[in-house]
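One structure below.
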Amino acid sequence: MKDQKHEFSIQLPLKGIVQAVTELPDPVFAEKMMGDGIAIDPIDNVLHAPFAGKITQIHSSHHAVTLQQGDVELLMHIGLDSVALKGRGFELHVAEGDQVQAGQPLITFDADLIARECVSVQSAFIITSGQEIKPTVSFDGVQSDLAQTVFTVPSSNDPSAAPAPFESTANVDAEPAQYEVTGSVQIPNVTGLHARPAARLAVVVRQADAKVRFKANGNTCDGSSVTGIMSLKTKLGDLLEIEAAGDDAQQVTADIIAAIKAGLGEEVTAVTSFPEVELVKETPLLQVKSGDDGVLLGFTASPGRVIGKLVQHNKTLPEVTRKSIGLAEERAAFKASVKASVQDLQSIIERMTEQGQEELADVFNAHVQLLQDPELSEKPLADIAGGQSAAWSWKLAYEAQAETLAKMDDPLLAARAADVRDVGLRVLKKLLGVDDGTEVLQEGTILLQEDVTPSEVVALDLSKIVGLCTTHGGASSHAAIIARSNNLPYLVNVEEAIKDLEDGTPLLLDAKHGKIKVSPSAEEQTAFALKIENASKQAEEYRRDAHKPAITTDGVRVEIAANIGSLEDAEKAVAAGAEAVGLLRSEFLYMERLNEPTEEEQADIIGNILEVMGKDRPVIIRTLDVGGDKPLPYMPMPAEENPFLGVRGVRIGIERPSILRRQVRAIISQAHKGHARIMYPMISALDELRAVNALVREEQKNLGVEHVEVGIMIEVPSAALMADKLAEEVDFFSIGTNDLTQYVMAIDRGHPALASRADALHPAVLRMIDMTVKAAEKAGKWVGVCGGLASQPEAVPILIGLGVKELSVSVPALPEIKHKVRTVSMADSISIAKAALECADTSDVKNLLRSQ
Ligand code: PEP
Ligand code: MG
């Protein structure tokens, strides 16, 4: 009985004085442009769900949220003009797509801040689905019972039935109207089309004898729906496309453009198009440039020398045009691109399987399945038939599907969004004629990309690719770490001029010294080949002694451990003389998985690693350290403005203890197979350490296991500063110089232009290490270093001179670091370390080391 009307109850959403909406000092609300409703002058700061339903929209400024059940849609707008706070003072407790219960807290807000900085803290509760409200409380009285009904609306929702499922009204074309593109306009509103301008725009549309829809940012909405317009999530400068059908189509389009240009009730700068600001190229004051003809500089991300030929993978896509060149041609191009992509994927799968990387092959298998799913091609084929280009139709379809998936409640489905985008891009590149990097490469390829992700490095065909260069990228990024563990020379931040070179240009890549010689002469090539040969002989010598201990010339033994990310690494580490594992990056074990490994699966692999290392080689297993530049496909994380300062490292385990608990149980249950130690990443305060320690001790008890040593990474300045307090509650520290440098120097470890300035040899970083070691010594605890600095041979005297007891290094660096320790004395190292602490800058530290 869908049409039978009931009284649908809206409970009190916010404690306060309930008022008539006409009292609000904003005509959009007071004149009911968005719909009927009430106002509340709050006496509390928590917004609650006034009925059970689905959160269909949350404004990016977090001040407005839309709740829907069946045919009732309510917009809750906290404060007036509070959009300008851009999220300051609002704490969300729900996400778009969440199903909520009546009374459930939705948003906590800072009422004082809103009162101080905005027009008013009075809040609006507007029925945007069109019904008139019937108040059930008297206005101007204080209401504080959240279960109290404040008004009702007629609805076909049956109050005795379970909440009706969400029926989207936005983004859907109700009737198959013959829309035509009638115009477009740039949004001049500083905060985009949020509630108030959206309401005014919908009024313009509703007045016309035409159907209108808007498109922006890949989304489409019904032009008469306020919430639909809000759902476009427009920002200043976004292009709003207008499509209209009906007699008034042209007139309404002109009215819409005029209303938008006039600001829809907001003050806007009189811009119709935004002036193109031409950025004049300048030479930065601190730029590193070779100045040498034919030599390009970069920054070492993974050392090594190779000779090879350049192949550039262009990642910047040309503009996607919408205009079709002909139905048959576009359809054929689409089918051919999908087919070629499937073929590429199949050859990747074959290679992965041959290399024993079945897990990774599974990821690409899933991509093939996606491409073969008719659902994904249905929409683009229809759009192509409707006269659009194949590239445009495909891009629209896969982005929309990815967006829908990303919003799913089910984390597994949400994680599929990344796969849809990945595979979507692969086909799109084919359609645009852009090399997608999957063509058959020649042996001896030096690959150039703008930037590279950790999973792209994992997928590189190392039988063909001998070196890697990026014009962006950071030396201690996780992509760099993977390159190092694969012994792949990798230079980041290479001078932009490299992009002008033709594919096939011969290069001498000296990643250790941050240099590339372009088109070398025959003599230069011979001399370079000789250097490679000598270095390889030297490496062979180091390898011969790799199983001997690393003892300084004056008899001090330093433990040399390995950084590993897989069972294979563990085997290689033992072969290369590792005396321990100083860092098992547990997240690397699961990077290519589409779902979270079970406790048993985790236990299995940890147990195998412990067995390979044996009882005499302790293994520090770091708990999951994702976030920042390390996403996990099966763990969708909400977008954050500063992911490196967000829910990253141990904070994920704190937010989602069940994941941490499964991992901790897997480790503890296997501890008997070797010598397991547990380490937490990115601890920044004592309460975090205590929280996770309590969980570990609890599981130790549950599993009946005696003490398992626990340690923390020191990679945040607050941890180094508070090391004396933290030391009392751990067995050891391990310094993560990659992150420590990033946070001390305030330079993103993957920053495209600042790589050369994020140097762990900066005295500020060294002073943090010194502070940490001194604090640990007082508490009788030992300190290791597992960040990239430990793998740099020249840094060895400084680190051991500062009192670091264990150096945990990339597997290929093990023999050379051991060798380096044997060449220095502890007495000299102590004085070098002291002098380094007194240096004023990185260059001084480097000069000091050179002078030794
Ligand atoms: C570090 O930050 O130095 C470290 C070892 O951890 P990761 O590189 O994995 O962040
Ligand atoms: Mg780190």
Side-chain angles (χ1 to χ4, degrees), residues 28 33-34 128 168-189 192-266 268-274 319-327 330 379-397 399-400 403:
V28 166
M33 286 185 208
M34 302 179 81
T128 45
S168 174
T169 50
N171 293 325
V172 169
D173 299 324
E175 287 166 35
Q178 288 302 306
Y179 286 104
E180 270 182 64
V181 180
T182 45
S184 64
V185 59
Q186 268 181 307
I187 304 297
N189 303 63
L193 298 179
H194 61 99
R196 286 183 298 116
R200 287 181 188 263
L201 182 56
V203 169
V204 176
V205 173
R206 285 186 210 136
Q207 282 164 352
D209 184 13
K211 287 183 86 52
V212 174
R213 64 183 186 191
F214 295 128
K215 291 190 170 172
N217 299 321
N219 297 319
T220 305
C221 77
D222 178 344
S224 63
S225 159
V226 181
T227 48
I229 298 171
M230 287 163 67
S231 77
L232 297 176
K233 301 202 186 286
T234 48
K235 302 177 298 300
L236 173 72
D238 279 353
L239 192 73
L240 184 80
E241 282 190 61
I242 306 161
E243 296 184 348
D247 294 345
D248 263 2
Q250 294 308 327
Q251 185 54 49
V252 72
T253 304
D255 293 347
I256 288 167
I257 293 176
I260 290 179
K261 283 184 179 169
L264 297 166
E266 291 193 324
V268 291
T269 18
V271 278
T272 46
S273 68
F274 292 85
E319 206 183 321
V320 178
T321 51
R322 187 169 171 176
K323 205 163 175 301
S324 165
I325 54 161
L327 209 141
E330 296 287 356
K379 176 86 173 60
L381 282 171
D383 280 349
I384 293 169
Q388 322 294 353
S389 77
W392 188 88
S393 311
W394 171 247
K395 185 165 186 270
L396 204 70
E399 282 182 348
E403 190 97 333

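Since the structure is predicted, the reported quantities are computational estimates derived from the model, not experimental observations. Heavy-atom basis, side chains included; hydrogens, waters and symmetry copies ignored.
Looking at Ile242 and Val181, their side chains never come closer than 4.5 Å, going by heavy atoms from C-beta outward. In this structure, the side chains of Lys261 and Val185 come closer than 4.5 Å at one or more pairs of heavy atoms.
Scanning both residues, Ser184 and Ile257, for their nearest heavy atoms gives O-CD1, 4.0 Å. The minimum heavy-atom distance between Ala210 and Ala249, with the atom names listed, is CB-N, 3.9 Å. Shown here for Pro380 and Ala397, the closest heavy-atom pair between the two residues is CD-CB, 3.5 Å. The nearest pair of heavy atoms linking Val204 to Ala259 is CG2-CB, 4.1 Å. Across Ser224 and Ala202, no two heavy atoms sit closer than the pair O-CB, 3.7 Å. In plain terms, the two heavy atoms of Gly387 and Ser324 that are nearest each other are O-CB, 3.3 Å.
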Check: Do Thr182 and Gln250 pass the side chain to side chain contact (heavy atoms under 4.5 Å, CB included) test, and can you show the C-alpha distance, the side-chain angles, and the key distance before you say yes or no?
Finding: CA-CA 7 Å; Thr182 45; Gln250 294 308 327; 3.9 Å; yes
Next item on the list: Please report the C-alpha distance between Gln388 and Ser393 in whole Å, then the side-chain angles of each, then the deciding distance to 0.1 Å, and finally whether the side chain to side chain contact (heavy atoms under 4.5 Å, CB included) criterion is met.
Entry: CA-CA 6 Å; Gln388 322 294 353; Ser393 311; 3.5 Å; yes
Next item on the list: Starting from the C-alpha separation in whole Å, work towards a yes-or-no answer on side chain to side chain contact (heavy atoms under 4.5 Å, CB included) for Leu201 and Phe214.
Entry: CA-CA 11 Å; Leu201 182 56; Phe214 295 128; 3.7 Å; yes
Note to self: Working note: Glu243 + Glu180, criterion side chain to side chain contact (heavy atoms under 4.5 Å, CB included); need CA distance, chi angles, decisive distance, verdict.
What the structure shows: CA-CA 5 Å; Glu243 296 184 348; Glu180 270 182 64; over 6 Å; no
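No donor-acceptor distance shorter than 3.5 angstrom exists from the side chain of Arg196 to the backbone of Val28, with no hydrogens or angles considered. Judged by distance alone, with hydrogens and angles left aside, the side-chain atoms of Gln178 form no donor-acceptor pair with the main-chain N or O of Ala245 at under 3.5 Å. Proximity of a side-chain donor or acceptor of Asn217 to a complementary backbone N or O of Lys233 within less than 3.5 Å is detected. Distance alone, capped at 3.5 Å, is enough to place a donor-acceptor pair between the Glu330 side chain and the Ala390 backbone. Judged purely by atom type and a 3.5 angstrom limit, Thr321 has no side-chain atom pairing as donor or acceptor with the backbone of Lys323. For the pair Gln186 (side chain) and Gly237 (backbone), a donor-acceptor distance under 3.5 Å is present. A donor-acceptor distance shorter than 3.5 angstrom exists from the side chain of Thr234 to the backbone of Leu193, with no hydrogens or angles considered.
One side chain, Asn189 or Glu266, offers a donor N or O that lies under 3.5 Å from an acceptor on the other.
Taking 4.0 Å as the cut-off between side-chain N and carboxylate O, Arg322 and Glu241 count as a salt-bridged pair.
For the atom pair CE (Met230) and CE (Met34), the distance works out to 5.5 Å, reported to the nearest 0.5 Å. Residue Ile260 holds its CD1 atom at 13.5 Å from CZ of Arg200, rounded to the nearest 0.5 Å. Here the straight-line distance linking atom CG of Leu396 with atom OG of Ser389 works out to 10.0 Å at 0.5 Å rounding. Put simply, CD on Glu399 and CG on Asn219 are 10.0 Å apart, with the number rounded to the nearest 0.5 Å. Atoms CD1 and CG, from Ile187 and Asp238 in turn, are 7.0 Å apart once rounded to the nearest 0.5 Å. A distance of 10.5 Å separates CG of Leu264 from CE of Met33, quoted to the nearest 0.5 Å.
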